[in-house]
Amino acid sequence: MGTSSSEIKLLGTAASPFVNRVQFVLSLKSIEYEYIDENLACKSELLLKSNPVYQKVPVLIHENKPPLPESLIIIEYLDEIYPDVHPILPSDPLIRADNRFWANYIDTKVFPLYEELRKTPEKEGKEAIKKQIMEVSQLLEEAFLKFSDGKPYFGGDKIGYLDVVLGCFLGWTKFVEKHNEFMIFDEVKTPKLLEWTKRIWSHEALKDAIPGSETLMNFYMMLMKYKPPRAA
Amino acid sequence: MVKEKVVLVNFWSSPFGSRVKIALEEKGIPYEYKEEDLFNKSSFLSTINPVHNKVPVLVHNQKPVCESLNILEYIDETWTDLSPRFLPSDPHQRALARFWADFIDKELYESSKKIYRGIGEEQVIGKNEVLRILKLVEGEIGDKPFFGGDNLGLVDITLIPFYSRFYTWETFGKFSIEEECPNLVAWAKRCLQKESVAKSLPDPIKIYEFILDLNKYFAK
């Protein structure tokens, strides 16, 4: 029993992990929606009007209600209006608080560090950032061990909030690993997370929303053009 | 009956910690206050907040909760029979409240630092950024006494601690927030009439002197 597609619209761009994150949740909850593709180099009137504060994607428009930006806020909203199909956040307040804490950690570290790596021209600078990225993945491995408690996902037996919050970065993670010749998730330092990444890649609800390397490369070229690296 | 033990670990000048104080006072939740010396952090802080080693931390029956907005939602979700509720019951209204609280949380503190720690051009940028944020948020009050309606809500509690810093920003930045955002200042004065807020906000002059001291400390 899906929702009619005119009820929910998602403004996004394929390469944005934050958009992918919302797509994961829509897919897990079997919610139909209309996807409106945005060209971030030339933002539409709709996007600028829908998100005047940040002018960013994703933005969720539900019926005639004021648009909602920010992926984590959208996810909690979807979880509250469709609570019966694949709940994303747990119900216990303490575990919810812990989930939100780690979501905030992931969002302040993962993509910002990937961007920092891209923008840093010199080798020593890049090595220092790679080191920070690996420290983050080490902490995330410990978090995974705690949350999963022996089960396949952060959410336990089923995909939960942190699986979605971190899982959306897998395409970019592979891209960054390949272009910078280092491993962010590996068998030695983050064995459980490495196994987890394989589960996420192959999950029915998620695999179609993870962008391919061509999409990522196009987006990477756009970032290099509009937000170029610092002068060496 | 389980005896609830609530401890707030904080530093007196932290606007993030003031949020938690206001929340606990608003709901009438008894708590113990522990002042942490941020220039000489205890090993206790690193056990309850190993990832960031920062305040505030709420310790509820020995379980820590970190990050002020997380703590506000945790309080609202745990003590469900105590009013006021900080978030409305309608999911869309809740999402909007979270959006504005998150916007204030992400941007205001960082932009304000440019005013009192930056020089020249950076100060002007900081002032403009702060005014942009305050004006955007001011637009959301409407006719209501508070962002939360008749009672303090998530957005009120997230923003009001920064009122203690208005004097500092205005003095360093040479501008008047009341002139630029009269509705916002009127809202702030309404908040200050609440005992929970009056008790929890540090004195603006003390904040100003503290920031002057910090600037000297960082200049060394």
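Reminder, nothing fancy here: chain letters follow the sequence lines and each chain counts from 1. Excluded from the calculations below are hydrogen atoms, water molecules and symmetry mates; all remaining heavy atoms, backbone and side chain alike, are included.
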*asked:* Between Asp76(B) and Arg85(B), does any side-chain N to carboxylate O distance fall below 4.0 Å?
replied: yes
*To the nearest 0.5 angstrom, please state how far the CH2 atom of Trp172(A) sits from the CZ atom of Phe111(A).*
5.5 Å
*With respect to chain B, which residue among Leu68(A), Leu139(A), Asp79(A) yields the maximal number of heavy-atom pairs within a distance under 4.5 Å?*
Leu68(A)
*asked:* So which residue, Arg132(B), Arg94(B), His92(B), ends up with the most heavy-atom pairs under 4.5 Å with chain A?
replied: His92(B)
*Is it the side chain or the backbone of Arg98(B) that comes within 4.5 Å of chain A heavy atoms, both, or neither?*
both
*Name the option with the most non-hydrogen atom pairs under 4.5 Å to chain B; the candidates are Ala97(A), Pro66(A), Pro52(A).*
Pro66(A)
*Could you tell me whether the side chains of Glu25(B) and Tyr31(B) share a donor-acceptor contact shorter than 3.5 Å?*
yes
*Check: Ser111(B) side chain, Glu107(B) main-chain N or O, donor-acceptor pair, under 3.5 Å*: yes
*Relative to chain B, which segment of Arg96(A) carries a heavy atom at a distance below 4.5 Å: side chain, backbone, both, or neither?*
side chain
*asked:* With a 4.5 angstrom heavy-atom cut-off, is it the side chain or the backbone of Leu69(B) that approaches chain A, or both, or neither?
replied: neither
*So which of Asp98(A), Leu72(A), Ile73(A) has the largest heavy-atom pair count under 4.5 angstrom toward chain B?*
Ile73(A)
_I need the residue from Thr78(B), Ile75(B), Leu136(B), Val51(B) with the largest number of non-hydrogen atom pairs under 4.5 Å to chain A._
Val51(B)
*Given that the side chain runs from C-beta out, which part of Trp100(B) has a heavy atom under 4.5 Å from chain A: side chain, backbone, both or neither?*
side chain
*Spacing of Asp92(A) atom CG and Tyr74(B) atom OH [to the nearest 0.5 Å]*: 7.5 Å
*Salt bridge or not for Glu116(A) and Lys119(A), using N-O below 4.0 Å?*
no
*Fit a plane to each ring of His52(B) and Tyr105(A), take the angle between them on a 0 to 90° scale, and name the class: parallel (under 30°), tilted (30 to 60°) or perpendicular (over 60°).*
tilted
